[in-house]
Amino acid sequence: MKIFDTHTHLNDEAFAGQTQQYIDNAKELDVDEMAIIGSNEAFNIEAIRLAQNYQPLHAVIGWHPEFAKEYNEEQLVNQIKLPEVVGIGEIGLDYHWEEDPEPKIQQKVLIQQLDVAQQYNMPVSIHCRDAFDDMYQILKNHDMSKSGIIMHSFNGDVEWLNKFLDLGLWISYSGVVSFKNAPEVHESAKNTPLDRLLVETDAPYLTPEPYRGRPNQPAYTRYVVDAIAKYKGITPNEVAEHTFNNAHQVYNL
Ligand SMILES: [Zn+2]
């Protein structure tokens, strides 16, 4: 079995100096490849450094909505030309924490990065929290059919799933799909077609069962695969194979 963690933060301080150890842990659970996701200048630089130094890692760089005010388009355009950079992210909208920076600024910086992605045919990894309505409108107005959009850690219900599938999105599930108290997400996973499905950890956040409450790591993508297999009524092997191939397709590997 081969598993691709499409969204993880080995560039986070939680993993500092232990990159090879976490790659080895992942390999033991058949997690063979990962996309390291940036969110501001420092995390982007570290994602690129890791991808340049460790073979199974790729870099995805961008400005998370929390860091929207620091957005540097010139830097983004220069860095996405590096061979290790396979996408732009995580970018998006997050209205959860007191709406700071304000939604107007978040939206502007999201749209600027979508424009870059469109121009350079790069896929994007979307972070969307408490903002499905605005996100849907923005994505609807962007033709990203040539580049690809990943909805990272999708936690919506089947109605939102279908709306985003209609826009051609890839749907990526994190450990949340393994939580017992997330019946809507179980239902969405069950209804996500195998050819639009992706898996991720978002480590060090969102640790799946059976390790919920402890620090997360890329190896645990395996438990996300297991949970989805359970809800879809298929084998973990099938989930791994489709999501691995889908990850290669969306990141152009
Ligand atoms: Zn993330």
Side-chain angles (χ1 to χ4, degrees), residues 1-39 43-61 83-87 89-90 123 125 127 150-154 170-179 189 194 197-230 232 234-253:
M1 191 185 308
K2 274 178 158 208
I3 297 170
F4 197 126
D5 184 353
T6 61
H7 188 117
T8 192
H9 301 281
L10 275 186
N11 49 346
D12 191 276
E13 286 154 20
F15 304 113
Q18 304 166 85
T19 309
Q20 190 59 53
Q21 181 62 52
Y22 283 104
I23 291 173
D24 293 345
N25 293 355
K27 184 94 188 144
E28 267 178 51
L29 290 182
D30 298 319
V31 180
D32 286 305
E33 227 171 317
M34 309 164 204
I36 310 302
I37 310 291
S39 47
F43 283 120
N44 291 340
I45 289 170
E46 183 63 3
I48 292 167
R49 189 188 72 81
L50 292 178
Q52 285 172 336
N53 285 283
Y54 298 89
Q55 186 269 330
L57 310 184
H58 311 279
V60 172
I61 63 159
E84 298 81 13
V85 177
V86 298
E90 56 188 295
S125 182
H127 171 102
I150 300 168
M151 183 58 80
H152 128 72
S153 190
F154 180 68
W170 300 87
I171 309 294
S172 182
Y173 291 93
S174 67
V176 175
V177 74
S178 74
F179 296 172
L194 277 174
L197 184 68
L198 296 166
V199 288
E200 62 169 88
T201 52
D202 201 21
Y205 313 105
L206 304 177
T207 311
E209 296 287 357
Y211 296 118
R212 193 175 179 186
R214 293 204 239 160
N216 201 1
Q217 57 172 299
Y220 296 168
T221 321
R222 173 59 210 251
Y223 303 112
V224 176
V225 166
D226 288 350
I228 293 174
K230 185 172 94 182
K232 288 186 95 55
I234 59 178
T235 64
N237 251 317
E238 281 175 277
V239 174
E241 190 186 330
H242 279 93
T243 54
F244 190 88
N245 291 337
N246 292 343
H248 274 240
Q249 192 183 329
V250 67
Y251 286 135
N252 295 304
L253 297 167

Legend entry - Side-chain heavy atoms of Glu241 within contact of Phe244, under 4.5 Å: no
Legend entry - Pro236 and Arg222, any side-chain heavy atoms less than 4.5 Å apart: yes
Legend entry - Asn246 side chain to Leu197 backbone, donor-acceptor under 3.5 Å: yes
Inset, instruction - Mind telling me whether Tyr220 and Tyr211 have parallel, tilted or perpendicular rings, with 30° and 60° as the class edges? - result: parallel
Legend entry - Closest non-hydrogen atom pair between Thr221 and Phe4, with its separation: CG2-O, 4.3 Å
Legend entry - Note, Val239 side chain near Ile234 side chain (heavy atom, < 4.5 Å): yes
Inset, instruction - Locate the shortest heavy-atom distance separating Tyr173 from Val224; write the atom from each residue and the value. - result: O-CG1, 3.4 Å
Inset, instruction - Say whether, by atom type as modelled, one donor and one acceptor occur between the side chain of Asn216 and the main chain of Thr201 under 3.5 angstrom. - result: yes
Legend entry - Contact check, side chains of Val225 and Val31, non-hydrogen atoms, under 4.5 Å: no
Inset, instruction - Check for a donor-acceptor pair, side chain of Ser172 on one end and backbone N or O of Ser153 on the other, with a separation under 3.5 Å. - result: no
Legend entry - Exam field: side chain Asp5 to backbone Met34, donor-acceptor pair closer than 3.5 Å: no
Inset, instruction - Determine yes or no for a side-chain-to-main-chain donor-acceptor pair under 3.5 angstrom, with His7 supplying the side chain and Ala35 the backbone. - result: no
Legend entry - Test log, rule side-chain hydrogen bond (donor to acceptor under 3.5 Å, both in side chains), inputs Gln21 and Asn25: CA-CA 6 Å; Gln21 181 62 52; Asn25 293 355; 2.9 Å; yes
